[in-house]
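Accompanying notes for the structure given below.
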Amino acid sequence: MEWENQTILVEFFLKGLSGYPKLELLFFVLILIMYVVILLGNGTLILISVLDSHLHTPMYFFLGNLSFLDICYTSTSIPSTLVSFLSERKTISFSGCAVQMFLGLAMGTTECVLLGMMAFDRYVAICNPLRYPVIMSKDSYVPMAAGSWIIGLVNSAVQTAFVVQLPFCRNNVINHFSCEILAVMKLACADISGNEFIMLVATTLFILTPLLLIIISYSLIISSILKIRTSEGRSKAFSTCSAHLTVVIIFYGTILFMYMKPKSTKTLNSDYLDATDKLISMFYGVMTPMMNPLIYSLRNKDVKEAVKHLLKKMCLTSKWERDK
């Protein structure tokens, strides 16, 4: 097949909410506030997981990684999105788009795998408590976390490398807030069935497999909890995994709603993407990282105590500096 108007693109135009100028200012303020909350909330969780010796456990090690991941994930797209809301020039260079694709996909994949690792950690803690220190030793949980990052980086590197090699036509309008890999692939002047197959395999391996691990882990956890005779014991057991389960439901629930909700004929037959779809995508990219530290801090006594201890220590240090 011969493709017309094939050219070497040097930049892309990010459409975002270009058709809704009034919404742009509103969402600039909302997303800026959310981004600050993300940095403060996740930064605090990282800080207490490092400084508080009581939190030097596998669960909080994974939580620290998840918080760092959320900061990295949001920082790949939110700053540029905020700038585009206030700027008339809503373009991004080809190389900048490639970097954004790589980092966004790497962080997203890593989070899926990491949530699966965290589910396994909760399974061992509840179903095999006596063997927990042996199974989830430092020699186990550190490689598990490192493996999650490596899987995410390798998967993203492979998929991004295939996408940037595609030829692109004169159409350089990405109907999205950022360089989402599927949106960029659709602009290619070539058959992308190979790329879509690679994406399908990667999705099965790195998104659905961790989800399957989570489902199996929590099925066994719930079965184990129901066998506990006292309501106090059941409540205590469930509280150790309720925060992680809530995060999983929000994370995967948003993904499933975004990709499995019924599409209109206009959406299916063209590159049309309405404001609702874009805002759902934004919720997935901003709300989930913002909710994670809130969920873990509100539902976890250890985190609450660690935050109080950190604030008290900072106040005492500040007072000591003033009195010096």
Side-chain angles (χ1 to χ4, degrees), residues 62-63 65-66 69-70 72-73 76-77 101-124 126-127 140-141 143-163 176 178-186 192-223 241-263 267-268 277 280-289 291-292 295:
F62 286 131
L63 181 57
N65 274 266
L66 183 64
L69 184 66
D70 283 338
C72 294
Y73 181 73
T76 61
S77 59
M101 274 193 299
F102 169 75
L103 293 175
L105 185 58
M107 299 303 108
T109 304
T110 302
E111 183 155 0
C112 289
V113 180
L114 192 61
L115 287 173
M117 299 294 185
M118 293 173 75
F120 176 76
D121 170 72
R122 293 298 83 206
Y123 157 73
V124 178
I126 294 173
C127 299
S140 299
Y141 68 78
M144 286 169 68
S148 300
W149 284 93
I150 292 169
I151 288 171
L153 292 170
V154 170
N155 172 53
S156 182
V158 171
Q159 292 203 52
T160 304
F162 278 108
V163 171
H176 215 280
S178 60
C179 288
E180 197 267 335
I181 191 165
L182 191 58
V184 175
M185 279 169 50
K186 288 179 179 179
I192 60 171
S193 57
N195 297 76
E196 290 176 331
F197 176 74
I198 293 171
M199 185 172 286
L200 176 63
V201 172
T203 300
T204 303
L205 287 176
F206 307 129
I207 296 181
L208 298 183
T209 302
L211 179 59
L212 181 62
L213 175 61
I214 291 168
I215 292 171
I216 293 172
S217 296
Y218 274 101
S219 297
L220 296 172
I221 287 170
I222 292 170
S223 175
C241 61
S242 59
H244 175 258
L245 182 59
T246 305
V247 169
V248 167
I249 290 171
I250 293 173
F251 181 80
Y252 275 102
T254 311
I255 292 178
L256 292 174
F257 179 78
M258 195 164 51
Y259 289 104
M260 296 183 70
K261 75 183 185 73
K263 304 289 183 181
T267 304
L268 289 170
D277 292 316
I280 291 170
S281 175
M282 186 180 294
F283 174 86
Y284 164 69
V286 180
M287 286 295 292
T288 305
M291 294 295 291
N292 287 354
I295 292 167

Surrounding CE of Met199 (heavy atoms of other residues, nucleotides or ligands, distance under 6.0 Å), is the total greater than 12? yes
Leu69 side, atom CG; Leu63 side, atom CG - distance, nearest 0.5 Å: 11.5 Å
With heavy-atom distances below 4.5 Å as the criterion, would you say the side chains of Leu211 and Ile207 are in contact? no
Quick check for you: to the nearest 0.5 Å, what is the distance between Ile295 atom CD1 and Thr246 atom OG1? 5.5 Å
Heavy-atom nearest pair, Thr204 first then Thr209, reads O-OG1, 2.8 Å
Hey, what do you get for CG (Asn292) to CZ (Phe251), rounding to the nearest 0.5 Å? 9.0 Å
Could you report the tightest heavy-atom contact between Tyr252 and Pro210, atom names first, then the distance? OH-CB, 3.8 Å
Would a distance-only check, ignoring hydrogens and angles, find a side-chain to backbone donor-acceptor pair under 3.5 Å from Thr203 to Leu208? no
Gap between atom SG of Cys72 and atom CG of Asn65 - 0.5 Å precision: 10.0 Å
Name the atoms and distances for all side-chain donor-acceptor pairs under 3.5 Å in residues 111-120, with sequence neighbours left out.
none

From CG (Leu205) to CD1 (Ile151), nearest 0.5 Å: 9.0 Å
When you compare the side chain of Cys241 with that of Ile221, does any pair of heavy atoms fall below 4.5 Å? yes
Between atom CG of Leu153 and atom OG1 of Thr110, what is the distance when rounded to the nearest 0.5 Å? 5.5 Å
Using only atom types and a distance under 3.5 Å, with no angle test, would you say the side chain of Ser223 pairs donor to acceptor with the backbone of Ser219? no
Would you call Met107 and Trp149 a side-chain contact if the rule is heavy atoms closer than 4.5 Å? yes
Under a 4.5 Å cut-off applied to non-hydrogen side-chain atoms, are Phe206 and Ser156 in contact? no
Do Asn155 and Gln159 have side chains that get closer than 4.5 Å, going by heavy atoms? yes
Please give me the minimum heavy-atom distance between Ser217 and Tyr123, naming the atom from each residue. CB-CB, 4.0 Å
If you define the side chain from C-beta out and look only at heavy atoms, does anything of Tyr141 sit under 4.5 Å from Asp121? no
Over 60° means perpendicular and under 30° means parallel, so tell me whether His244 and Tyr218 are parallel, tilted or perpendicular. parallel
